[in-house]
Amino acid sequence: MTQSTRETERKYEVPASGDVPRLPGLTGAGTGWSLVDGGAHELDAVYYDTADLRLLRASATLRRRTGGSDAGWHLKLPLGADTREEIRAPLTANDHGNPDDVPDNLRDLALSRTRGARLEPVVRLRTDRTVRELVDADGGLLAELTLDRVRADSLRGDRGHAAWTELEVEAVTEDTAGTVLERVEKALGKEGVTRSSAPSKMARALNDITPGTVPAARRRRAAGTAPGTAGEQVLAYLTEQADAVVTLDPAVRRGLPDAVHKMRVACRRLRSCLRSYRPLLDRELTEPVRAELKWLGGELGAERDQEVLLARLRDGVDALPGELVLGPVSARLQAWDAARSSQARDRTLAALSSPRYVALLEALDRLTTHPPLRPKAARKPAKVLPAALLKEHDRLARRVERALRTPPGPERDAALHHARKGAKRVRYAAEAARPGLGGTAKRLGKRVKAVQKALGDHHDSVVSRETLRRQAVAAHRVGEPGFTWGLLYGREQAGAADRERELPRLWRSVTRGGLRKALRG
């Protein structure tokens with residue numbers, strides 16, 4: 001069992017006095033805020049990571065702590081500049097802090113960052129903590145100021161030691177965290193207190209023991225890319241999407257809202273970018289990655305498609321007047337979803353637990369750190385990217401025109417779905433090109449997105465109608481009314497016809513306005 005909390009905090013170098021600052025001007029008579037004693041604690045924590053510090057390099061930490069009010073295992077994942085999510089698991093009777101004692105659920109949540117490498121003890125931190133609580137006029141807790149006197153012992157081969165004292169300021173209310181931290185930092189600045197450059201205690205310990213162990217800069221540049229080149233721009237987009245897969249993994253495992261959808265989109269963006277910008281990258285090395293991304297997207301798709309379909313059907317039922325809902329419609333939908341959702345969820349988790357997924361994560365890491373660049377990648381974006389965009393645009397044009405020529409029916413439905421896939425490729429190619437091509441790529445992406453949205457709604461209607469037909473048949477077999485299912489089917493059919501009539505106008509917006517001329521330069 002795990003618990004999750006968010007923490008928003010900042011670290012500071014300790015003033016010469018070695019005491020918690022009193023924050024004059026922020027506390028005291030007339031200010032409404034004051035500092036009160038929060039007690040003292042002795043903390044003992046062992047931090048775990050891979051041999052090459054994959055967690056730390058991804059701004060994540062895993063520790064086993066005793067002492068204080070929150071003893072247990074803590075996995076911290078970055079959420080923003082000052083904010084992290086802390087996921088906690090309790091200590092057990094047989095827990096002795098060995099690597100094999102790491103809770104399985106935390107090990108799984110860290111997998112996208114460890115990529116399956118063994119976790120081992122890295123550093124032990126023993127901390128004497130003095131707490132001061134910042135409270136408002138009503139005694140409400142605003143923040144905690146903790147003075148930490150830390151003794152660090154490396155558990156790696158160097159077996160070095162370090163010691164320091166630091167100040168942490170942690171806001172306790174998320175909606176006012178920014179304001180409180182800014183006011184405290186301003187008051188600290190007046191006392192000469194400055195922010196710490198260390199992102200975490202673990203990073204500081206390792207760098208103090210062996211300088212340079214943890215790179216100061218989080219942003220990496222792929223090997224072989226030069227500033228201002230098409231290769232740099234495309235690799236930046238690929239890196240952003242690969243990082244999204246890694247970051248979203250824990251949320252997908254925990255079933256958080258929209259996480260599966262976002263990870264699936266990241267997979268699609270990676271696949272599309274690798275296809276659209278083939279002239280910049282060695283296809284022999286990127287095509288296997290594209291194939292594995294397609295596999296992962298397909299595994300995630302079962303759960304995501306079920307989410308979308310259920311929401312659409314429920315919305316359709318909810319939009320009907322009560323007198324038109326005949327029979328146990330909602331109950332039948334719920335029963336239908338229960339089995340399908342469970343199977344889809346199992347499929348997602350099985351994929352994320354597979355060696356195939358770990359191999360894909362390794363491949364994405366190699367791709368973004370040591371990309372297989374071709375000579376064209378060294379050219380300027382304006383010399384390379386427009387041609388790739390035009391090629392995707394022309395592919396989409398052929399698909400749309402073929403769909404519009406096809407008579408209504410299943411073949412046209414399939415052609416429109418094929419065009420939808422092409423619209424996504426153009427849109428994602430435009431996203432990747434936007435930093436180098438500016439407004440032209442932005443306008444193309446915006447107009448194609450409207451086409452994609454209409455085609456997506458049309459495809460969802462096709463899938464919904466087939467499900468509604470099956471539900472009507474199942475209801476009929478047991479003597480339930482089929483009226484509501486038929487009514488919903490008719491509404492979906494009418495909506496799809498509206499999208500088909502709308503498509504020519506939306507497509508004209510993509511082809512007009514001199515976009516092709518602008519791309520040609």
Side-chain angles (χ1 to χ4, degrees), residues 234 237-238 240-241 244 261-278 290 293-294 297-298 300-301 304-305 308-309 312 385-406 408-434 437-464 492 495-520:
V234 170
Y237 186 79
L238 289 172
E240 180 183 357
Q241 301 311 317
H261 170 59
K262 289 179 179 178
M263 182 184 271
R264 190 184 184 195
V265 169
C267 291
R268 284 174 171 166
R269 284 177 164 141
L270 284 163
R271 286 181 60 214
S272 293
C273 187
L274 291 173
R275 176 190 171 96
S276 298
Y277 296 108
R278 283 172 174 169
R290 288 192 69 244
L293 287 166
K294 182 178 182 180
L300 298 172
R304 174 57 183 170
D305 290 346
V308 172
L309 181 56
R312 189 178 183 97
L385 305 187
L389 266 180
L390 284 171
K391 184 175 290 187
E392 291 293 3
H393 176 278
D394 291 344
R395 288 195 188 101
L396 173 59
R398 291 192 292 271
R399 293 185 180 190
V400 171
E401 290 160 7
R402 185 183 304 117
L404 292 176
R405 291 195 305 267
T406 304
E411 288 188 10
R412 188 177 202 186
D413 292 340
L416 289 170
H417 182 45
H418 196 49
R420 177 198 183 195
K421 295 178 180 179
K424 287 181 180 179
R425 289 199 189 104
V426 175
R427 177 187 165 198
Y428 298 149
E431 285 180 355
R434 184 173 171 182
L437 304 185
T440 301
K442 180 180 179 181
R443 288 193 298 276
L444 177 61
K446 183 178 181 180
R447 294 175 187 180
V448 170
K449 184 178 180 180
V451 172
Q452 176 196 325
K453 184 176 180 181
L455 291 171
D457 190 53
H458 181 276
H459 178 66
D460 289 346
S461 174
V462 172
V463 175
S464 296
E492 285 287 1
D498 288 342
R499 300 292 82 75
E500 291 185 37
R501 286 190 292 270
E502 185 182 25
L503 180 59
R505 175 183 62 80
L506 293 173
W507 179 240
R508 285 194 297 271
S509 75
V510 175
T511 56
R512 72 168 186 263
L515 280 174
R516 286 182 58 85
K517 183 178 180 180
L519 286 172
R520 290 184 187 280

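As the structure is a computational prediction, the values presented were derived from the model and not from experiment. Numbers for residues simply follow the sequence, beginning at 1. When reading the values below, keep in mind they use all heavy atoms of this one structure, side chains included, and skip hydrogens, waters and symmetry mates.
- Applying the side chain to side chain contact (heavy atoms under 4.5 Å, CB included) rule to Arg304 yields the partners Asp258, Val260, His261, Arg264, Glu307, Val308; only residues at least two apart in sequence or on another chain are considered.
- With sequence neighbours left out, Arg501 forms a side-chain hydrogen bond (donor to acceptor under 3.5 Å, both in side chains) with Asp498.
- The side chain to side chain contact (heavy atoms under 4.5 Å, CB included) check on Ala450 picks up Leu506, with sequence neighbours excluded.
- For the pair Leu455 and Leu503, the minimum side-chain heavy-atom distance is below 4.5 Å.
- Taking Arg402 as the reference, nothing meets the salt bridge (Lys or Arg N to Asp or Glu O under 4.0 Å) condition, with sequence neighbours excluded.
- By the 4.5 Å heavy-atom criterion applied to side chains, Arg268 and Gln241 are not counted as neighbours.
- With a 4.5 Å cut-off on side-chain heavy atoms, Leu396 and Trp507 count as touching.
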Might you work through the side chain to side chain contact (heavy atoms under 4.5 Å, CB included) test for Lys391 and Arg278, ending with a clear yes or no? CA-CA 11 Å; Lys391 184 175 290 187; Arg278 283 172 174 169; over 6 Å; no
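- Residues meeting the side chain to side chain contact (heavy atoms under 4.5 Å, CB included) test with Lys421, sequence neighbours left out: Arg399, His417.
- Sparse packing is recorded around CZ of Arg434, with 12 or fewer heavy atoms of other residues, nucleotides or ligands lying under 6.0 Å away.
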Apply side chain to side chain contact (heavy atoms under 4.5 Å, CB included) to residues Asp413 and Glu500 and explain how you reach the verdict. CA-CA 10 Å; Asp413 292 340; Glu500 291 185 37; 4.2 Å; yes
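- If you take CZ on Arg395 and CZ on Arg425, they are separated by 7.5 Å, rounding to the nearest 0.5 Å.
- Nearest heavy-atom pair across Tyr428 and Tyr237 is O-OH, 3.8 Å.
- When every heavy atom of Ser464 is checked against every heavy atom of Leu309, the shortest pair comes out as OG-CD1, 3.4 Å.
- Nearest heavy atom pair, residue Ala429 against residue Tyr277, reads O-OH, 2.7 Å.
- A 4.5 Å side-chain heavy-atom check between Lys449 and Lys453 finds every atom pair outside the cut-off.
- Partners of Glu431 according to the salt bridge (Lys or Arg N to Asp or Glu O under 4.0 Å) rule, which considers only residues two or more places apart in sequence or in another chain, are Arg269, Arg427.
- Residues Val451 and Val426 fail the side-chain proximity criterion, which asks for heavy atoms closer than 4.5 Å.
- Shown here for Ala430 and Leu389, the closest heavy-atom pair between the two residues is N-CD2, 3.5 Å.
- Within the 4.5 Å cutoff, the side chain of Arg443 has heavy atoms near those of the Thr440 side chain.
- Of all the heavy atoms in Gln452 and Ala423, the pair that sits closest is CB-CB, 3.9 Å.
- The side-chain hydrogen bond (donor to acceptor under 3.5 Å, both in side chains) test applied to Ser276 returns Glu392, not counting sequence neighbours.
- By the salt bridge (Lys or Arg N to Asp or Glu O under 4.0 Å) test, Glu411 pairs with no residue at all, sequence neighbours left out.
- Arg499 pairs by the salt bridge (Lys or Arg N to Asp or Glu O under 4.0 Å) definition with Asp457, Glu502, not counting sequence neighbours.
- When all heavy atoms are compared, the tightest approach of Ala403 to Leu416 is CB-CD2, 3.6 Å.
- The main-chain N or O of Ser509 is found under 3.5 Å from a side-chain atom of Arg447 such that the two form a donor-acceptor pair.
- Listed by chain and residue number, Leu404, Arg508 satisfy the side chain to side chain contact (heavy atoms under 4.5 Å, CB included) test with Pro504 (two or more places apart in sequence, or in another chain).
- Counting heavy atoms from C-beta on, the side chains of Arg312 and Val463 never come closer than 4.5 Å.
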List the steps, then state whether side chain to side chain contact (heavy atoms under 4.5 Å, CB included) holds for Leu437 with Lys442. CA-CA 8 Å; Leu437 304 185; Lys442 180 180 179 181; over 6 Å; no
